[in-house]
Number of protein chains: 2
Amino acid sequence: MTDTSMKIADKKSCENCPIQHSAVCSRCEPDELRRLEEIKYYRSYEAGQPVIWAGDHMEFVASVVSGIAALSQTLEDGRTQMVGLLLPSDFIGRPGRDSAPFDVTAVTDLTICCFRKKPFEALLVSTPHIGQRLLEMTLDELDSARDWMTILGRKTAREKIASLLAIIARRNAALNKEMPGNGMSFELPLTREAMSDYLGLTLETVSRQISALRKAGVIELDGKRRVVVPSYEALLSETGDDVDGGMIA
Amino acid sequence: MTDTSMKIADKKSCENCPIQHSAVCSRCEPDELRRLEEIKYYRSYEAGQPVIWAGDHMEFVASVVSGIAALSQTLEDGRTQMVGLLLPSDFIGRPGRDSAPFDVTAVTDLTICCFRKKPFEALLVSTPHIGQRLLEMTLDELDSARDWMTILGRKTAREKIASLLAIIARRNAALNKEMPGNGMSFELPLTREAMSDYLGLTLETVSRQISALRKAGVIELDGKRRVVVPSYEALLSETGDDVDGGMIA
DNA sequence: GAGCCCACTTGATCCTGATCAATGTTTCGC
DNA sequence: GCGAAACATTGATCAGGATCAAGTGGGCTC
């Protein structure tokens, strides 16, 4: 926990916080926010650095402010599976539990806003808005974890890659407050290895399938990481998803 | 939604409810419980019957009272993945969302306790205990969804089967308020096909791996469905899980 | 008891993605 | 500019699990 790469940032106000409208604190009244400010502090990590090891005692919960973190799990022989990809405003940790069930690692340079766990748990009971927002966020996480399970359990390597690209494209469009459309482009925030951990593949297979999608004209590459999507429809048709089912309403 | 196999049970009191100590309502004060009773009704389904189709409008949320339900998702060509296994006291549906994102099916004969969605959502805001308990349950679900992702993404067929058997053994022991131990036995609540949907395998592979574990002496079979575990340790060692990591505290 | 259905088992073969290995490309420090 | 290291691509081969195909056994109706 006392990591040399970890830096404690200066106390910042919530006023200019980039995630104030979507994080756990987004529903808070001014006085609730004030109480949160009293128990918060920032931490920053460089890309690749560990944030928490599975089994560690957790003295805080946190929100991702900027950058990307990964939750992952490792089997006895070293095989690892990413089980969560945490973007800005996503929540780390779990009130009411002492030790972390999964490893948390900084995928890119990362800044998080930590809340001391004990007082945060107290706030959860005494003020309704935090708990309500956390419930909403957790239900969303659960839904996307379930979609992810279908990707892991039933999709081919090609479909897995197409699905991941579609997810990143969608999130990226949402970040820019646009609809995903033709000609859109984005930077891949993950290495080939991180993608393989996300999708339950090897990095070689990831590389091959990205090449295959490129050769098929589904995507174009600008360098290793920048992806251009000529036709969003074409990308979606590679994911194997049932376009209707579950999307009617 | 108007299913011929569906039966509406008589109004029952919460007093003798078998799941009263673990369901969403378990934290409720007597007056909160009274308000819940006003908006609840029971439904029963036979094994194999659909409860909800993905995309359906949901006019209720519910708790599983008895029996087992499965959440699942289907790809365009019919491949299906189970993404949730709902046991007694587990929660179905999601406040604040209109249409179901996944199919829900009765795996065994099933009885659920439904709450009309609108008034339930109102209670969620007005009384704190329901939301707090639901948050806790949802966080638990998310943790086990993440373990399940590791099973789907990184484990071999044999490890998948061993993991599923270990999970069922553990739940079964918990139900009887015992610790899982040597010589324990239980009835498999799932068909080979349901197991294959759970684990992202084919039913043939499930059958073969169960036979393999039997031949290796890890389990014994009494008929097709009854499983005896001579050594719980031996079963765990087949799961591929890291016994230490994440379990230190 | 005959016949049927369903859940399951077992066998033979095929194919996708893993594994092992070499090579290419960028970025960085010096 | 050079060498090293990290990241990525591509090739050759292998194997685990899918697929296709029979066959078994228990429980059911008639």
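Throughout, protein chains are lettered first and strands after them, A, B, ... in sequence-line order, and every chain is numbered starting at 1. Excluded from the calculations below are hydrogen atoms, water molecules and symmetry mates; all remaining heavy atoms, backbone and side chain alike, are included.
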Undergrad: Which residues pass the side-chain contact (heavy atoms from CB on, under 4.5 Å) test with B:N176, sequence neighbours left out?
TA: B:N172, B:E178
Undergrad: Can I get a per-line list of side-chain donor-acceptor pairs under 3.5 Å for residues 206-224 of chain A, giving both atom names and the distance, sequence neighbours left out?
TA:
from	atom 1	to	atom 2	distance (Å)
A:S211	OG	A:S207	O	3.1

Undergrad: B:R225 CZ to C:dT9 P: how many Å, rounded?
TA: 10 Å
Undergrad: Starting at CG of A:D222 and ending at P of C:dT26, how long is that distance when rounded to a whole Å?
TA: 11 Å
Undergrad: Going by the rule side-chain contact (heavy atoms from CB on, under 4.5 Å), which residues pair with B:A69 if we only count those two or more places apart in sequence or in a different chain?
TA: B:L86, B:V104, B:L110
Undergrad: Quick one: list whatever passes side-chain hydrogen bond (donor to acceptor under 3.5 Å, both in side chains) with A:R192, sequence neighbours left out.
TA: none
Undergrad: Atom CZ of A:R226 to atom C1' of D:dA8: distance rounded to whole Å?
TA: 19 Å
Undergrad: Can you sort out the partners of A:R226 under side-chain hydrogen bond (donor to acceptor under 3.5 Å, both in side chains), two or more places apart, ordered by chain and number?
TA: A:S185, A:E187
Undergrad: Whole angstroms only, please: what is the CZ-P distance between B:R214 and C:dC8?
TA: 14 Å
Undergrad: Return yes if a side-chain donor-acceptor contact under 3.5 Å exists between B:T239 and B:S163, otherwise no.
TA: no
Undergrad: Using five base pairs at each end, measure the axis-to-axis angle across the helix from C:dG1-D:dC30 to C:dC30-D:dG1 and round it to 10 degrees.
TA: 40°
Undergrad: In whole angstrom, give the distance that lies between atom NZ of A:K155 and atom P of C:dT16.
TA: 18 Å
Undergrad: Expressed in angstrom and rounded to an integer, what is the separation of B:L190 atom CG from C:dA7 atom P?
TA: 13 Å
Undergrad: Report which part of the nucleic acid B:R79 touches: base, sugar-phosphate, or nothing (heavy-atom distance under 4.0 Å, all strands).
TA: nothing
Undergrad: Go through the side-chain N and O atoms of B:S44 and B:T111 and say whether any donor and acceptor fall under 3.5 Å apart.
TA: yes
Undergrad: Check nucleotides 24-28 of chain D against the protein and report each pair of N or O atoms closer than 3.5 Å, with its distance, or say if there are none.
TA:
none

Undergrad: Using side-chain contact (heavy atoms from CB on, under 4.5 Å) as the criterion, list what pairs up with A:D140, not counting sequence neighbours.
TA: B:R94, B:R97
Undergrad: Please report, rounded to the nearest Å, how far the C1' atom of C:dT26 is from the CG atom of A:L221.
TA: 15 Å
Undergrad: Heavy atom of residues 197-210 of chain A under 4.0 Å from DNA chain D: which residues?
TA: A:L203, A:E204, A:S207, A:R208
Undergrad: With B:C114, which residues qualify under side-chain contact (heavy atoms from CB on, under 4.5 Å), at least two apart?
TA: B:Y41, B:R43, B:F60, B:A62, B:I112
Undergrad: For A:N182, enumerate each residue passing the side-chain hydrogen bond (donor to acceptor under 3.5 Å, both in side chains) test, keeping only those at least two apart in sequence or located in another chain.
TA: none
Undergrad: If the condition is side-chain hydrogen bond (donor to acceptor under 3.5 Å, both in side chains), which residues does B:Q73 pass it with, not counting sequence neighbours?
TA: A:D147, A:T150
